[in-house]
Amino acid sequence: AGKGFYFAESITKADEYTQLEDGSVDGLRCVLVCRVVIGRAQVCAAVQPTEQYKQKLEDSVLKEGTYDSVMMDRERCRGTFREFAVYDAARCLPLFVVWYERRTD
């Protein structure tokens, strides 16, 4: 994980990153539903990107300004869900706070 704000287009993927903290409310988990301006995305389809490659992706946004965001295309390389990283808080607009209980049945 780098210096960005990370988003997923699927609640299933977002749920993977939630965790219960001490003092959590009745074992509930929390996610934000946000509107995110992705702009021009640098695509990463590597299954296991190296730290050097991750830094190159981040630099394409932060230092070079060639791209506005990074898309980790897990749909293409693993058959799961895409993830996005943006590095400017102005590109993220939280819309809802969702509290939920993870059920395994």
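All residue numbers in this chain count up from 1 along the given sequence.
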Study note, to complete from the structure: Between the OG atom in S10 and the CZ atom in R82, the distance rounded to the nearest 0.5 Å is 11.5 Å

Review point. From Q55 CD over to L62 CG, what is the distance, rounded to the nearest 0.5 angstrom?
Key: 8.5 Å

Hey, does [Y] have a side-chain heavy atom less than 4.5 Å from the side chain of [X]?
{"X": "V61", "Y": "V70", "result": "yes"}
{"X": "F5", "Y": "C34", "result": "no"}
{"X": "T12", "Y": "F81", "result": "yes"}
{"X": "V33", "Y": "V98", "result": "yes"}
{"X": "Y17", "Y": "E83", "result": "yes"}
{"X": "V31", "Y": "Y100", "result": "yes"}

Point to revise | Set of salt bridge (Lys or Arg N to Asp or Glu O under 4.0 Å) partners for K56, sequence neighbours left out | key: none

Review point. Any luck finding a side-chain donor-acceptor pair between E58 and Y67 under 3.5 Å?
Key: no

Nearest atoms (heavy-atom pairs only) where [X] meets [Y]:
{"X": "M72", "Y": "A85", "answer": "CE-N, 4.1 Å"}
{"X": "T66", "Y": "R40", "answer": "O-NH1, 3.3 Å"}
{"X": "Y6", "Y": "K3", "answer": "OH-N, 4.3 Å"}
{"X": "V86", "Y": "V37", "answer": "CG1-O, 4.0 Å"}
{"X": "C30", "Y": "T18", "answer": "O-CG2, 3.8 Å"}
{"X": "V43", "Y": "L57", "answer": "O-CD2, 4.5 Å"}

Review point. Sub-3.5 Å donor-acceptor pair from the side chain of S69 to the main-chain atoms of I38, do we have one?
Key: yes

Practice item. Keeping to residues at least two apart or across chains, list the salt bridge (Lys or Arg N to Asp or Glu O under 4.0 Å) pairs with something in residues 85-100. Key: D68-R91

Practice item. Using the rule that two of Ile, Leu, Val, Met, Phe, Trp, Tyr join whenever any of their side-chain heavy atoms come within less than 4.5 Å, decide whether V36 and L95 are in one cluster. Key: no

Review point. Within a reach of under 6.0 Å around CD of E64, are more than 12 heavy atoms found that belong to other residues, nucleotides or ligands?
Key: yes

**Study point:** Neighbour count above 12 (heavy atom, 6.0 Å) for R102 CZ
**Key:** yes

